[in-house]
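A short write-up of the structure that comes next.
Here the structure is a predicted model, which is why all the values come from computation and not from measurement. Ligands are counted one by one from 1 in listed order, and the atoms in each one are counted from 1 as well.
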Amino acid sequence: MSLPDQVLAAVRAALPGSDGGVALHEPEFRGQEWTYLKDCLDTGWVSSVGAYVDRIERDLERITGAAHAIATSNGTAALDICLRLAGVQAGDEVLVPSLTFVATANAVAYQGATPHFVDSEAVTLGVDPVRLEAHLRETARVDGDVCVNTRTATPIRALMVMHVFGHPCDLDGLAEVAARWKLALVEDAAEGLGSRWNGRHLGNVGRVSALSFNGNKIVTTGGGGAILTNDPDLARRAKHLTTTARLPHKWSFVHDEVGWNYRMPNLNAALGCAQLERLPDMIARKTLLAQRYAEVFRDVEGARLLTARLGAEVNHWLNALILDRPDMAMRDALLETLNGEGFMARPLWTLMHRLPMYAACPRDALPVAEALEASVINLPSSAKLADV
Ligand SMILES: *Cc1c(COP(=O)(O)O)cnc(C)c1O
């Protein structure tokens, strides 16, 4: 049997009872969603302040162990403010993986800074600390407390890492590199709610981190995000900047700097509070689904399922199949076959350095990211697929 036919057969075996029409990732509303949303409508608290906004922030602090959570209108807005809080200024460079969703790089551009692309590792799909260290030795020096790109004479202010599909990147290695090179560490943990690295929830190692609750994430607020930090001053600034930088006063409108309206509306927060109550159940069922995929792919030669590395607890947001040998034609054949039979499968994001607006940005050689681009596909991963 050809590899695409073997993969199709394996997916069918992992999803008994599903024959076509299977989405990549569907939201699920089986808890208190209607009750909490109705409460917003009944009380009139639908907009940018309300009890559910406070509640979701406390819920996120409890779940992630971060000292402070600040709810935002979406994950991209959270990333935007994270970089500002990390001290990124116009003209700076920020190290980011080329293998990421476009919002990671866009957030850098919003600050007037330049993304500087670095390579990933095949075990985690996240930034490779060893390759990063080697790249910095070649291209940068530490000048006082600032990392400077020796080619462009530009400060490299921060390192933004991303936890791909909920798989933690090597936070120990990356935090070490960031400290040695005086880089502020920022975590794009948009895909990582519920995942842990050596027992610590993602988003706790970076100075500031971002979560997303978009409709396709493990839990959703419709649209929404959050900033996490353990630093009380940064938390205060995050709340201030995302709420128009208004000074607290009963009736007067005084704003002490340019702020943003990046607030999460109470309606969205209400949906999110109900969703977060079901996060453990989502993770349990998604873990079951991932185990099923792991079983059916054990005997398929030429491809393997991405599994959690030692020390990682994974939320199993999206399951990923990796070809043993990078092969763009084979990758596309798999996507054609699965999608043709109604099993929604997707490739990795087009690498950032290939996008027109980022093609001229500084970068390391990216052999691993490029190989992964030609070898990874996502498989249908909704929690309900485990309910058979
Ligand atoms: C979803 C996502 C974002 C953006 O979140 P939105 O809420 O859609 O703005 C950012 N980074 C990554 C890696 C994501 O997956």
Would you tell me whether Asp59 and Tyr52 have side-chain atoms, one donor and one acceptor, within less than 3.5 Å of each other?
-> no
Using the test salt bridge (Lys or Arg N to Asp or Glu O under 4.0 Å), find all partners of Arg292 that sit at least two apart in sequence or belong to another chain.
-> none
N-O pairing of Glu28 and Lys384 below 4.0 Å | no
Can you tell me if Asn74 uses its side chain to pair, donor with acceptor, with the backbone of Gly224 under 3.5 Å?
-> no
Please table the atom pairs, donor to acceptor, closer than 3.5 Å between any side-chain atom in residues 79-96 and protein atoms at least two apart or in another chain.
{"from": "Asp80", "atom 1": "OD1", "to": "Gln111", "atom 2": "NE2", "distance (Å)": "2.5"}
{"from": "Asp80", "atom 1": "OD2", "to": "Tyr262", "atom 2": "OH", "distance (Å)": "2.7"}
{"from": "Asp92", "atom 1": "OD1", "to": "Arg157", "atom 2": "NH2", "distance (Å)": "3.0"}
{"from": "Asp92", "atom 1": "OD2", "to": "Gln89", "atom 2": "N", "distance (Å)": "2.8"}
{"from": "Asp92", "atom 1": "OD2", "to": "Arg157", "atom 2": "NE", "distance (Å)": "2.7"}
{"from": "Asp92", "atom 1": "OD2", "to": "Arg157", "atom 2": "NH2", "distance (Å)": "3.4"}
{"from": "Glu93", "atom 1": "OE1", "to": "His116", "atom 2": "ND1", "distance (Å)": "2.8"}
{"from": "Glu93", "atom 1": "OE1", "to": "Asn149", "atom 2": "ND2", "distance (Å)": "3.0"}
{"from": "Glu93", "atom 1": "OE2", "to": "Asn149", "atom 2": "ND2", "distance (Å)": "3.3"}
{"from": "Glu93", "atom 1": "OE2", "to": "Thr152", "atom 2": "OG1", "distance (Å)": "2.9"}

Please name all residues satisfying side-chain hydrogen bond (donor to acceptor under 3.5 Å, both in side chains) with Arg363, sequence neighbours left out, ordered by chain then number.
-> none
When you check ligand 1 against the protein, what N or O pairs turn up below 3.5 Å? List the atom names and distances, or just say none.
{"from": "ligand 1", "atom 1": "5 (O)", "to": "Ser212", "atom 2": "OG", "distance (Å)": "3.2"}
{"from": "ligand 1", "atom 1": "7 (O)", "to": "Gly75", "atom 2": "N", "distance (Å)": "2.7"}
{"from": "ligand 1", "atom 1": "7 (O)", "to": "Ser212", "atom 2": "OG", "distance (Å)": "2.7"}
{"from": "ligand 1", "atom 1": "9 (O)", "to": "Gly75", "atom 2": "N", "distance (Å)": "3.3"}
{"from": "ligand 1", "atom 1": "9 (O)", "to": "Thr76", "atom 2": "N", "distance (Å)": "2.9"}
{"from": "ligand 1", "atom 1": "9 (O)", "to": "Thr76", "atom 2": "OG1", "distance (Å)": "2.5"}
{"from": "ligand 1", "atom 1": "11 (N)", "to": "Asp188", "atom 2": "OD1", "distance (Å)": "3.3"}
{"from": "ligand 1", "atom 1": "11 (N)", "to": "Asp188", "atom 2": "OD2", "distance (Å)": "2.8"}
{"from": "ligand 1", "atom 1": "15 (O)", "to": "Glu191", "atom 2": "OE2", "distance (Å)": "2.5"}
{"from": "ligand 1", "atom 1": "15 (O)", "to": "Lys217", "atom 2": "NZ", "distance (Å)": "3.2"}

